[in-house]
Every structure is written in C-alpha cells, then in structure tokens.
Amino acid sequence: MFRKVEKTLPEDPEYPTDLKELGYFINATGQIRKIAHPDEDFQFHLTNDERHNELHREAMQIFQRREIQARLAKLGIVPLYIPQLSTTKPIRQPHIPILAPPASMLKTRQRIILVVNDSMQDLGILAYRQLQRELGLNGGSVINFTKEIVKRSSPLLECWSRDDTFDLGEFTNVPQGAPGLIVTNTGQRFYSHRHNQAVSMRSWSAMPRKSLCHEAHRMHQIENTVEGNREPQEHVKYVLDHVITNRDFVSADAEVYVIGIEDGGQYLLEILDADWDKYGHIITAMALIQTGCSPAQFSSPLLKSFLHRRAREWRVSAQDQPNVCIEVPKTAHIQEGTAVLTASTDEFAPRLSPINWLQAISSSSAGLPTSISPEKLCIVDELESGKTTPGRHEDDEPLCPTFSAGETTIPECIFTDPAIYTSILGFFEEVAQDPAKYSNPKFAVNASPASDNAESELPQEVDPQQIEIEDRKAQILHMKESLAHIPEGDEILKKGKEDLEKRIMRMEEQVKEMMKVQLAKGGLKSGEGAEVRNEWKAVGGGPKVKFAGIMVDSDLLKGAGLFDSAEGEAKG
C-alpha cells in the first residue's frame with residue numbers, strides 16, 4: 001500500500017492582492033480591465049484547477065473590498081464595528097463591520113436609510129458579477145447609490161451630476177457631510193482569529209491551507225462567530241437594537257427608511273412580525289427587493305397593514321419595463337380617497353418638494369410623528385376585515401404593491417439598476433412629504449410584457465453573415481469605448497493600448513470586406529450599401545502586364561485575383 005508524505009504534497013497556490021500584479025487596472029469609469037487586453041473584464045476561469053480559480057478570485061475581491069471601503073470613506077461612510085460599536089478596528093476581538101457615517105454626524109440626520117443586504121454578499125457589495133464587469137466598482141456596490149442620495153440632496157454640488165467618473169478629490173469637502181446611510185453585513189458573519197477579520201463563508205473557504213490537497217479549516221460555531229450576530233436574523237436584530245434605537249447613533253425623531261434585499265428583507269420581516277410592538281414604530285417606509293415572501297408567512301395584522309400602506313416591492317417578472325406595477329394586494333389595507341401621487345421615477349414629481357437627505361434634525365421637527373400610529377393601523381384593519389376576495393388565498397397575495405425589475409432575470413442585479421434605486425428614493429421622498437399620514441396610492445396593474453401588447457410579426461429570415469457583421473460592429477464599439485477610458489500616462493498600459501488600437505483597425509478592415517461581399521449578394525441592411533460605396537476608390541493606373549495575349553492594368557488583375565496567373569504567363 002502506498003501513501004503520500006505530507007511534505008511532498010503540492011503547495012496551496014498564492015495570489016497577490018495588488019491589482020497590477022494580478023494583471024488588471026481600473027479604467028476611467030471604475031471598471032476593472034486586463035492590462036494586456038484593456039477591453040476584457042475579470043477572468044475567473046484562469047486555469048483548469050478550481051482551487052487556483054477560487055484563490056485568484058478571492059485575491060481580486062480582497063482588493064475590490066479595500067477599494068470600495070476607501071471610496072466610501074471619501075463619501076463619509078466608514079466601517080462601524082459591532083459589538084464594540086467603534087470605528088476603530090478591534091484587535092483580537094471577534095467583530096463584524098457594518099457601514100455608517102460617524103456617530104457624531106449620524107445622530108444629527110433627520111432621515112436615515114437602512115440597507116439590509118442579502119446574506120450571500122460581502123459588506124457594501126451588491127453584485128460581484130456586475131462589479132467585476134460592466135458596472136465596475138461604483139455600480140456593483142453601494143457607492144453609486146450613496147452618490148445618488150447626495151446628488152438629489154445638493155443641487156448646488158455640480159460635481160455630483162457627473163456620475164460616469166469618480167475623482168476622489170472632488171468629494172472630500174461635501175458641505176453638509178455624509179448621508180444617514182447604514183448598511184448591514186449579514187454575509188461576513190464568521191470571524192478569523194488568525195487574520196483578525198470578519199469573512200463570508202466563501203472567503204473562509206479561500207483561506208490558505210497546508211497544501212493543495214488539504215480540506216478547508218474547520219469552523220467552530222462559537223469561537224468563529226460573534227455573540228449576538230451568529231445568524232443573519234440575529235445580526236439584523238442587533239443592528240436594530242444597538243444602532244437604530246441607540247440614541248448615541250440615531251435620533252428618536254429621525255425618519256428611518258428601510259431597503260431589504262432578497263433574504264435580508266425576509267429576515268427583517270420575520271423580526272417585525274415577531275415583535276411589531278417593539279420595532280414597528282421605528283420604520284417610516286420600506287422597499288423590498290425579491291424577498292420571496294407571502295402574507296401567509298406572517299401573523300401580525302399590523303405588519304400586513306403596514307406593508308400594504310407603507311411598503312413596495314421590486315422583483316423579476318415577465319414585464320420587461322422597470323417600475324411597472326405588476327401586482328397589488330387584493331385584501332387592501334388602503335384608505336379610500338388617498339391622493340394619487342406620481343409614481344416613483346428618477347425625477348422629482350411636480351407636486352413633490354425636493355427632499356434633502358443631508359438635512360439635520362431641527363427643533364421644529366423634533367417630536368413630530370415619523371411613522372403611522374398603531375391605533376390607526378388597527379382601525380384600518382378592522383374596517384378592511386372581511387374584504388378578502390373569495391377563492392383567493394394569502395399564498396397568492398403579494399406583500400405590498402409590487403413592481404417589475406425590468407429586463408434583469410437575476411435578483412441580485414435589481415438594486416444595481418439606477419432606474420430601480422432612483423425609484424425607491426422617489427418613493428421615500430413621497431412618504432417624507434408627510435410621514436405621519438402617507439398611504440400608498442392605488443396603482444394600475446400591468447403585468448403583461450411590452451412585447452405582448454405589440455402586434456405579432458412573422459419572423460424574418462436573417463442572413464448569418466449579416467449577424468456576424470452586427471456582432472463585430474458591436475465588438476468594435478466596445479473596444480473603442482474601452483480605448484477611450486484607458487488612463488493616460490501609465491507606461492504599464494502603453495503596450496495593451498497599442499495592441500488594442502491595432503486590433504480595432506484589423507477588425508474594421510474585416511468588417512469592410514464582409515460588407516463588400518454582402519453588398520454583392522444584396523444582403524446589406526437599408527442604408528449600409530451607400531456607406532460601403534462611399535468608401536470605394538477608383539482602381540487602375542498600375543503598370544501594364546501581359547495577360548491573355550494583351551497588355552492589361554496590373555491593379556485590375558489584382559482586384560480580380562488574376563495577377564498570379566499573369567505572372568505565370570510572363571514566366572512561361
């Protein structure tokens with residue numbers, strides 16, 4: 001019998017956490033691109049070995065998390081470590097970071113936004129699949145959402161209107177400070193004593209091992225977790241109990257708006273359902289993202305009434321237009337005669353006053369109700385009792401008015417869409433007009449996809465050659481955009497930039513030749529024929545050569561592909 005000696009086992013691979021050493025750079029729009037090929041995104045499948053791919057990805061994501069934290073710090077949003085409730089990272093003490101402004105600033109904010117993220121994500125990350133590709137560092141994290149909050153609050157800050165770049169120097173002196181944004185961390189619930197770091201399960205698996213053949217380090221359910229935060233639901237409850245209701249962090253008179261993303265929203269709803277009397281008065285309004293919950297899961301009538309009147313949900317649907325109402329509760333807990341406010345959009349509705357999310361608590365606003373009273377909810381429930389539609393069960397009901405997420409089919413990508421998060425802010429701004437009296441308006445439902453409303457057309461036959469031309473044109477456009485966003489003056493990027501320019505030229509020539517062939521076949525689209533003809537050049541004027549017994553222009557023979565025959569005839 002044979003055995004493998006431990007010291008002869010292959011070493012566990014290591015990858016640097018420096019972006020350039022990994023072969024990547026950040027372009028002008030915050031996208032991560034390859035140095036050698038500036039038009040290509042992060043490549044996960046680096047080798048055929050999954051362990052190499054896993055560690056390479058973790059090294060990249062360590063850098064990304066550091067960069068996002070640095071950028072958020074420029075916006076005034078910094079880590080707050082719990083249970084220590086300190087902005088200084090504890091040493092050798094189990095901890096979990098969340099994101100928030102400094103306590104001295106947070107407790108002055110009249111309006112607070114609490115984001116409860118999905119438990120599969122790292123702190124501040126919304127979707128790695130988009131962060132590492134088209135949306136870049138800003139769009140795949142809460143950075144763009146934070147910038148949008150300040151942009152809507154500060155019309156005089158012209159720098160916030162340029163959301164296609166992120167020049168850190170522009171944002172170091174925001175006059176009114178950071179918004180009251182708090183981001184929970186249901187994903188990084190595990191603590192590594194060796195690295196003094198809170199990590200997700202995916203990062204735990206990527207920790208260094210004795211060798212490539214060894215299994216991941218065992219996790220102790222007590223020693224490698226944080227007291228009071230061992231489960232996602234415990235973590236959300238801890239933030240509510242020790243930050244949101246802690247008057248050293250959030251004023252008792254503040255309006256608290258909550259965004260629950262996927263299972264983060266589910267955990268929040270379970271907490272509210274179990275103890276509405278304790279937490280119900282805290283929340284002014286709520287936006288949910290694909291929670292997958294139904295009213296039958298909850299028993300509190302006050303929670304259900306609140307969801308009907310003060311909440312909205314966005315989810316993946318057949319309706320490919322974003323922010324279209326696709327479903328409303330049939331057992332409506334909505335007051336008759338509610339004024340219909342303009343649905344949330346990225347522009348302020350005409351009847352709405354702009355809301356300053358950076359506004360500080362004032363003496364005039366202190367003591368004003370910021371949420372609907374339990375007594376009023378009770379009255380509405382009693383009035384609405386018995387109005388359930390016959391034959392309809394709560395399992396078929398939505399929690400609240402529900403809206404389409406647009407074309408995306410991936411739930412984690414819903415909140416990264418500017419059309420969605422600007423609509424959520426618009427909804428919160430509707431509520432902020434009169435927090436004590438607001439109730440959802442009655443929405444017209446349109447669950448059908450836009451394509452169903454159009455007249456059906458017979459499919460047209462498409463030439464495969466034309467499809468390839470269109471694909472290559474799209475590639476050229478992408479390559480040119482990538483070229484335009486390469487930072488200037490970095491010698492490391494010089495060669496990749498020059499190679500990209502050459503590839504663009506080669507592909508443009510290939511497309512021109514393909515279009516000439518299509519023109520001869522009559523296969524070009526309308527208007528493309530003229531485009532090709534405009535580039536035609538007169539052929540002729542070359543030296544005469546003997547061909548078929550006569551002297552013929554050599555350029556004409558080359559164009560016809562017969563020049564080699566003419567050369568052979570001359571030699572013969």
Side-chain angles (χ1 to χ4, degrees), residues 65 68-69 72 77-87 89-90 93-101 103 106 112-126 141-142 180-193 195-204 219-246 248-250 256-276 278-280 282-283 286-293 297-298 303 411-412 415:
R65 292 193 288 268
I68 288 167
Q69 184 171 314
L72 285 170
I77 307 297
V78 296
L80 173 65
Y81 298 93
I82 57 177
Q84 293 80 9
L85 297 179
S86 169
T87 55
K89 185 175 182 178
Q93 295 180 31
H95 59 265
I96 295 177
I98 64 173
L99 293 172
L106 182 61
I112 306 293
I113 296 179
L114 172 65
V115 177
V116 184
N117 204 356
D118 184 72
S119 62
M120 295 300 292
Q121 304 294 350
D122 286 304
L123 179 60
I125 308 296
L126 299 174
S141 68
V142 296
L181 176 65
I182 301 173
V183 183
T184 64
N185 190 3
T186 57
Q188 296 176 331
R189 305 186 314 277
F190 310 104
Y191 176 75
S192 168
H193 291 269
H195 301 283
N196 191 36
Q197 188 75 29
V199 296
S200 64
M201 181 60 75
R202 181 167 52 192
S203 295
W204 183 277
M219 180 184 295
H220 194 283
Q221 293 301 316
I222 301 299
E223 295 298 328
N224 294 121
T225 54
V226 179
E227 179 69 30
N229 292 267
R230 293 194 167 97
E231 297 298 333
Q233 189 171 352
E234 285 186 344
H235 172 71
V236 176
K237 189 174 186 299
Y238 193 95
V239 173
L240 291 174
D241 288 339
H242 296 84
V243 179
I244 300 298
T245 59
N246 185 340
D248 291 333
F249 290 92
V250 176
V256 178
Y257 300 86
V258 181
I259 301 172
I261 302 175
E262 295 188 81
D263 66 5
Q266 178 181 341
Y267 298 133
L268 177 65
L269 291 174
E270 290 172 353
I271 293 169
L272 296 176
D273 186 56
D275 201 346
W276 177 264
K278 180 178 180 181
Y279 300 108
I282 299 173
I283 301 174
M286 183 186 302
L288 301 171
I289 307 292
Q290 193 89 18
T291 61
C293 298
Q297 295 176 241
F298 309 110
L303 171 62
E412 71 176 15
F415 192 60

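- Side-chain atoms of Leu106 and Ile112, non-hydrogen and from C-beta on, do get closer than 4.5 Å to each other.
- Here His195 pairs with nothing under the ring pair (Phe, Tyr, Trp, His ring centres under 6.0 Å) rule; sequence neighbours left out.
- With sequence neighbours excluded, no residue forms a salt bridge (Lys or Arg N to Asp or Glu O under 4.0 Å) with Asp273.
- Residues passing the salt bridge (Lys or Arg N to Asp or Glu O under 4.0 Å) test with Lys278, sequence neighbours excluded: Asp241.
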Can you give me every donor-acceptor pair (side chain of residues 259-269, partner residue at least two apart or in another chain, under 3.5 Å) with its distance?
unit_1: Asp263; atom_1: OD1; unit_2: Ser119; atom_2: N; d: 2.9
unit_1: Asp263; atom_1: OD2; unit_2: Ser119; atom_2: OG; d: 2.5
unit_1: Gln266; atom_1: NE2; unit_2: Glu270; atom_2: OE2; d: 3.2

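- Shortest non-hydrogen contact noted between Arg202 and Asp122 is NH2-OD2, 4.3 Å.
- Applying the ring pair (Phe, Tyr, Trp, His ring centres under 6.0 Å) test to Tyr257 and every residue at least two apart in sequence or in another chain returns Trp357, Phe428.
- A distance of 5.5 Å separates NE2 of His235 from CG of Asn185, quoted to the nearest 0.5 Å.
- For the pair Tyr279 and Ile244, the minimum side-chain heavy-atom distance is 4.5 Å or more.
- Counting only distance, with no hydrogens or angles, the side chain of Lys89 and the backbone of Gln197 share no donor-acceptor pair below 3.5 Å.
- Listed by chain and residue number, nothing satisfies the salt bridge (Lys or Arg N to Asp or Glu O under 4.0 Å) test with Glu223 (two or more places apart in sequence, or in another chain).
- Between His95 and Gln84, the closest side-chain pair of non-hydrogen atoms falls below 4.5 Å.
- A side-chain donor-acceptor contact under 3.5 Å links Thr245 to the backbone of Leu240.
- In this pair, His242 and Tyr238 present their aromatic rings parallel. The plane angle is below 30°, not in the 30 to 60° band.
- Tested against Ile182, the residues Val115, Leu114, Val116 include a single side chain to side chain contact (heavy atoms under 4.5 Å, CB included) partner, Leu114.
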